Amino acid sequence: MENSGESKWTKSDASSEPFPYCCSACDSSEEHFRGKVFRNRTKARSMSTPSAPCSAKFRRTQSLHGPSPVTTFGPKASMLKNPKAVMHIQDPASQRLTWNKPPKSVLIIKKIRDASLLQPFKELCVFLTQQKNMIVYVERKVIEDPAIANEGFVSVKKNFCTFREDYDDISNCVDFIICLGGDGTLLYASSLFQQSVPPVMAFHLGSLGFLTPFNFDTYQSQVNQVIEGNAAIILRSRLEVKVVKECREKEPVEETSLIITNGDSEPKHKTMQYQVLNEVVVDRGPSSYLSNLDLFLDGHLITTVQGDGVIVSTPTGSTAYAVAAGASMIHPNVPAIMITPICPHSLSFRPIVVPAGVELKIMLTRDARNTAWVSLDGRKRQEIAYGDSITITSSCFPVPSICFRDPVNDWFESLAQCLHWNVRKRQSHLSSEEEEF
């Protein structure tokens, strides 16, 4: 190779140089040379790459990077592009919200049966409907909550548009989302949108606040900034989960399932697909026996999990069930998937972090003594029998969470707040014990 950086290929060089790697993300600007594909641009061989020809069977067919996330959220919101960005994936620190058109509708998700949220909920609805002239969407069970079925909400309820979960599709009706409560409200918002998710603004009005950075004291100025497009966002990656079950006798098939018939008249398998923000938990359920699960990574068996189960979580979910099971906390901007065993029988199986681009598959082992149970963000719990499988990959539909300051400061402040909350909880518990004593 000359100093100019140009590679001169000859007949002998082509046979001695290693075959260049081409991932699935390569563009069409390639040329064929002696039956092999080379890119037009010059690519120098790494000093650590051996000079011996590499076999085709050891080459990967996909990139280790996760899928490029979509940058449009709902019908009107998108991420403001940075013209100075050099990388194809934009620097997370420069991700800011922008609107293609002014937002006109908002979905408000409120914690059900919480009397302390009635006044903030009413103030927010009045502000959005009367001062901002926005269309407010709420779930029907929020309106049917006995706590707000009083005459103080009659004038406010007239301006609501209601919907029912699993029945009404509001994916193209909502411009952005406001959550009032704890982290569970953001998880619920994620479950309502199985593809593109509108921007989410979460107010901390619950017990824990890893995902809710805003305080309600100054909600008007904060909501105004979001409507004006003056806000930073963090893209919280989700998992795309496919649960494939064999169709057995006397087993009902859900209407929302994708039926795969394999060319036969009767369905052989049913596939259910979900978007998961926190984690996928596979456990032993009510059985007293240990779970025996085969864990595959890109089609290769890497280990057999013998224990109470396994947790597959996103970086966002690493601060939930996974950290309680001994895993590390991962910042949401890190493209990764966390695999954490639950009380493993083998002490050598520790939590591991794999690249976001891999495909995980979980199945019962052949000699498993019982079935397993899977839950997705604590919902959709269902039984997994031998022959069923759970396939997990990174989704290209993240949850755009609006930041109070920026992704780094918000995350570390949430850790500090939760630590202080645990300390106060422990102190109050000790005080109550002393009073009883």
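Keep in mind it's a predicted model, so treat the numbers as computed, not measured. All residue numbers refer to positions in the sequence shown, counting from 1.
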[X] versus [Y], closest heavy-atom pair with distance:
X: Pro315; Y: His331; value: CB-O, 3.4 Å
X: Asp283; Y: Gly285; value: OD1-N, 2.8 Å
X: Val281; Y: Tyr321; value: CG2-CD2, 3.6 Å
X: Leu239; Y: Ser395; value: C-CB, 4.1 Å
X: Ala356; Y: Ala336; value: CB-N, 3.8 Å
X: Leu235; Y: Pro69; value: CD1-CG, 4.1 Å

Can you tell me how far [atom2] of [Y] sits from [atom1] of [X], rounded to the nearest 0.5 angstrom?
X: Met79; Y: Thr98; atom1: CE; atom2: OG1; answer: 11.0 Å
X: Thr319; Y: Met338; atom1: OG1; atom2: CE; answer: 10.5 Å
X: Asp114; Y: Ile112; atom1: CG; atom2: CD1; answer: 9.5 Å
X: Ile170; Y: Ile177; atom1: CD1; atom2: CD1; answer: 7.5 Å
X: Phe121; Y: Phe203; atom1: CZ; atom2: CZ; answer: 13.5 Å
X: Gln275; Y: Phe397; atom1: CD; atom2: CZ; answer: 7.0 Å

| request: Could you tell me whether Phe193 atom CZ has more than 12 heavy atoms of other residues or ligands within 6.0 Å of it? | output: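 Yes, because the 6.0 Å sphere around CZ of Phe193 holds more than 12 heavy atoms from other groups.
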| query | What do you reckon, is CZ of Arg369 surrounded by more than 12 foreign heavy atoms closer than 6.0 Å? | reply |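 Atom CZ in Arg369 is not packed in, count stays at 12 or less.
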Are a donor atom and an acceptor atom from the side chains of [X] and [Y] found within less than 3.5 Å of each other?
X: Arg96; Y: Asn230; result: yes
X: Thr365; Y: Asp294; result: no
X: Arg236; Y: Thr314; result: no

Would you say the side-chain atoms of [X] pair up with the backbone N or O of [Y], donor to acceptor, closer than 3.5 Å?
X: Asp377; Y: Asn278; result: yes
X: Asp168; Y: Arg164; result: yes
X: Asp183; Y: Leu211; result: yes
X: Lys242; Y: Tyr274; result: no
X: Gln382; Y: Lys380; result: yes
X: Asp388; Y: Glu246; result: yes
X: Ser287; Y: Arg284; result: no
X: Ser196; Y: Thr72; result: yes
X: Asp406; Y: Ala232; result: no
X: Thr185; Y: Lys111; result: no

Any side-chain heavy-atom pair of [X] and [Y] under 4.5 Å:
X: Val142; Y: Phe160; value: no
X: Gln222; Y: Met201; value: yes
X: Ile384; Y: Val282; value: no
X: Ile109; Y: Glu139; value: no
X: Val106; Y: Tyr137; value: no
X: Leu205; Y: Pro120; value: yes
X: Val138; Y: Ile143; value: yes
X: Ile227; Y: Met134; value: yes

Give a yes or no on whether a salt bridge exists between [X] and [Y], defined as a side-chain N under 4.0 angstrom from a carboxylate O.
X: Arg405; Y: Asp410; result: no
X: Arg379; Y: Glu165; result: yes
X: Asp175; Y: Lys76; result: yes

| request: Evaluate the side-chain contact (heavy atoms from CB on, under 4.5 Å) criterion for residues Phe176 and Val200: first the C-alpha distance (whole Å), next the side-chain angles of each, then the deciding distance (0.1 Å), finally the verdict. | output: CA-CA 6 Å; Phe176 72 102; Val200 182; over 6 Å; no
| task | Please assess Phe163 against Leu107 for the test side-chain contact (heavy atoms from CB on, under 4.5 Å), listing each intermediate value before the final yes or no. | result | CA-CA 10 Å; Phe163 70 97; Leu107 167 63; 3.4 Å; yes
| query | Could you walk me through whether Thr271 and Val243 pass the side-chain contact (heavy atoms from CB on, under 4.5 Å) check? | reply | CA-CA 6 Å; Thr271 301; Val243 180; over 6 Å; no
| message | Let's go through His345 and Leu290 carefully: what are the C-alpha distance in whole Å and the side-chain angles of both, what is the deciding distance for side-chain contact (heavy atoms from CB on, under 4.5 Å) to 0.1 Å, and is it a yes or a no? | response | CA-CA 8 Å; His345 183 267; Leu290 295 178; 4.1 Å; yes
| Identified side-chain contact (heavy atoms from CB on, under 4.5 Å) counterpart of Trp411 within the set Val408, Leu415, Asn409 |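 Among Val408, Leu415, Asn409, the one meeting side-chain contact (heavy atoms from CB on, under 4.5 Å) with Trp411 is Leu415.
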